> 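Following this message is one structure expressed as structure tokens.
All of these numbers come straight from a predicted model, not from anything done at the bench. Just so you know, these numbers use all the heavy atoms, side chains as well, and skip hydrogens, waters and symmetry mates.
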Amino acid sequence: MDIKKRIGLFNVRKFVLAVADMFIIGVSALLANYFLTLTDKPPIQPSIITMQTFLAVVVGFMALWFCGAYSKMWRYFNAKDYISCILGITIDMAVVLLTAVTGAFSADTNLDSFYIFFIIEYIISVIGIIAFRLAFRKTFLKLVSVGENMYKKRTLIVGAGRAGKLIIKEILNASESDEVARQYHIVGIVDDNKSLTGQKIQTIPVIGTTRKIETICKDENIDVILMAIPSCSEDDRRRILGECSKTTCKIKVIPYVGNLIFDEYKVSKKSDNAPTVISQLNDINVEDLLGRLPVSFDNEDTKRLINGRVCMVTGGGGSIGSELVRQIAKFNPKQIIIVDIYENNAYDIQQEMLMDYGDKLNLVALIASVRDYEKMELIFDKYKPELVFHAAAHKHVPLMEAVPEEAVKNNVVGTFNVAKLSDLTGVRKFIMISTDKAVNPTNVMGATKRCCEMIVQYMAQSGSETEFVTTRFGNVLGSNGSVIPLFKRQIEAGKPVTVTHPEVIRYFMTIPEAVSLVLEAGAMAKGGEIFVLDMGAPVKIVTLAENLIRMYGKVPYKDIPIKFTGLRPGEKLYEELLMDEEDLKNTANNKIFIGKQIKIERDSFIRNYEKLKEFAYSNNSEKTLEMLEHMVPTFKHKINNTDNNQTNTSVQESVSTS
């Protein structure tokens, strides 16, 4: 290090250290002279001691500075830095001793006395300077730690296993530049192994079991809970997350062990290619609190379905459609054709795929509407898809109540167009995405999706070589128009969270689960089936809202109010997954069931479809609703759903109210 840089490093804090060093060297000389008087050697004259001490102090400061004793911050002192102190004192004593030997102080001075004097002074100086640094560093770090911890997040670690130990190690040993790890101050650990309670892991105490999380967080003023149990069972995971959600703490979780990059050597080395465990912590998802295990699927079947084939995804820019594109891309398709009317969404998924796969993926993004038969015909003729995944649809319940004709144009007519073209062009399989709202529908969107299911069954019963199949599932967490993004926006804006009714319940699944169902159904489809996913127990919407508020570190009804707005037009308290006339049959996957086909009267169905299309394109809401009720006997349009009573209400009254 050059002299200019050393001068730049020399600041007020290091000046204090230098003064302390010079004081220690001066005191060492006085002590050395005192110990010399205890020997039988002649004493050194006081004037010479004074001159020697002054020289030792000045030379010692310069030598220590030159050797780098002042070039590093206190908290980062290590063995190498203490060696630099020893080297500086050695140079200092050598210079002063050389001066004495050459007679610079006095030719009459006894050299034996000088040798003993310098040996004693050297030992005391080295011990004093190193001891001072060790003591000061410990005190300094203690004071700094206390000060820093006042501004850090008080943290509770859940799990004393390998992941927990690595997190603790990373936080305790975090460097100045590791801002992620340095934001946490670990207060304690909880673990369900009761034998660990009271013990310490790397100085951090185990202060209880997971069943005491709520009490511990309250008593210890915890800000953040870090879930460090990536390999625990789903039941335990949900139970522990349920305990965590009772607190006001921010919750972060380590991914499932299968997704965790878990290399202790690389983590300890902090290599660029090995992310730390801390960096893999994620905010908790509401999906983690659903009352069931994630549904698993046989990817081998999906791979055989997709591999080497041209796949079209209508609505490919939407939440379900874009996830279809992502998962299809993993199985080596010959080509993926994205069809969407909304160019921003289509562009986003196109760019994402290009970034992930580059030229390895043959991807085409087309802006087109499934309502436009001629345009879709051109697309089918040009690209000749072998598999069609039909996800394009209007699905927002209240908006479709106000304009039933638009729901029919996009959902019913769009589905018929794509299904008909699939039949005419020899598509291998057509897979349509439906919804639980199609079962005994009380709203326009559900009624149109039931019509779509009927279209699929109509095509399946027409003798077509194309295998037509419907997949039906409940609400998809995180999809466009779902409650979770709305709740998040409301919480982040500090607004009340709006829930329609305290008793409203829904079946939920994640977007990846929904898409995996579509692909698995496509793989096992023979034609005409309605595949239904076993989604476990339904979940109260208000419970999701309360949990999400807690996950933001807020208290429901106190920090963030929950406002009940009343059921919207066409909305039910609960949803159903199967029509009364459908019998469930098991499949190879015990989480997927098949509803039997419902016989479609071909002539009357096509006549009714044409009338429905005519009314929709003439923008006649009243006639459109009447035709929907005629085609879907279980659909009775109502003004409002204050309960689940299927009371008839006139079409005219419903339209004028909505």
> Classify the angle between the aromatic ring planes of Phe430 and Phe468 as parallel (below 30°), tilted (30 to 60°) or perpendicular (above 60°).
tilted
> How close do Gly317 and Ile349 get, counting heavy atoms only, and between which atoms?
CA-CG2, 4.3 Å
> Test salt bridge (charged side-chain N to carboxylate O under 4.0 Å, His left out) on Glu453 and Arg472 and set out the steps.
CA-CA 9 Å; Glu453 293 184 356; Arg472 184 194 292 162; 2.8 Å; yes
> Can you tell whether the side chains of Arg326 and Glu323 come within less than 4.0 Å, N to carboxylate O?
yes
> Should the pair Lys611-Glu614 be classified as a salt bridge under the 4.0 Å nitrogen-to-oxygen rule?
no
> Only one of Met376, Lys382, Glu377 clears side chain to side chain contact (heavy atoms under 4.5 Å, CB included) with Ile379; which?
Met376
> Minimum heavy-atom separation for Pro496 and Gln490, please, with both atom names.
O-CD, 3.6 Å
> Which atoms form the tightest heavy-atom contact between Ala329 and Met353, and what is the distance?
CB-SD, 4.0 Å
> Salt bridge check, Glu467 against Arg428: does any charged N sit closer than 4.0 Å to a carboxylate O?
no
> Does the pair Lys409/Glu406 count as a salt bridge with the N-to-O cut at 4.0 Å?
yes
> Distance from Lys330 atom NZ to Leu519 atom CG, nearest 0.5 Å?
10.0 Å
> Shortest non-hydrogen contact from Pro441 to Thr634?
CD-OG1, 3.5 Å
> What's the shortest heavy-atom distance between Glu405 and Ser621, and which atoms?
OE1-OG, 2.7 Å
> Check Tyr458, Phe615, Phe416 against Tyr609 for a ring-ring contact (aromatic ring centres under 6.0 Å, His included) and give me the one that passes.
Phe416
> Judged by atom type as modelled, is there a donor-acceptor pair below 3.5 Å linking the side chain of Glu401 to the main-chain atoms of Val444?
yes
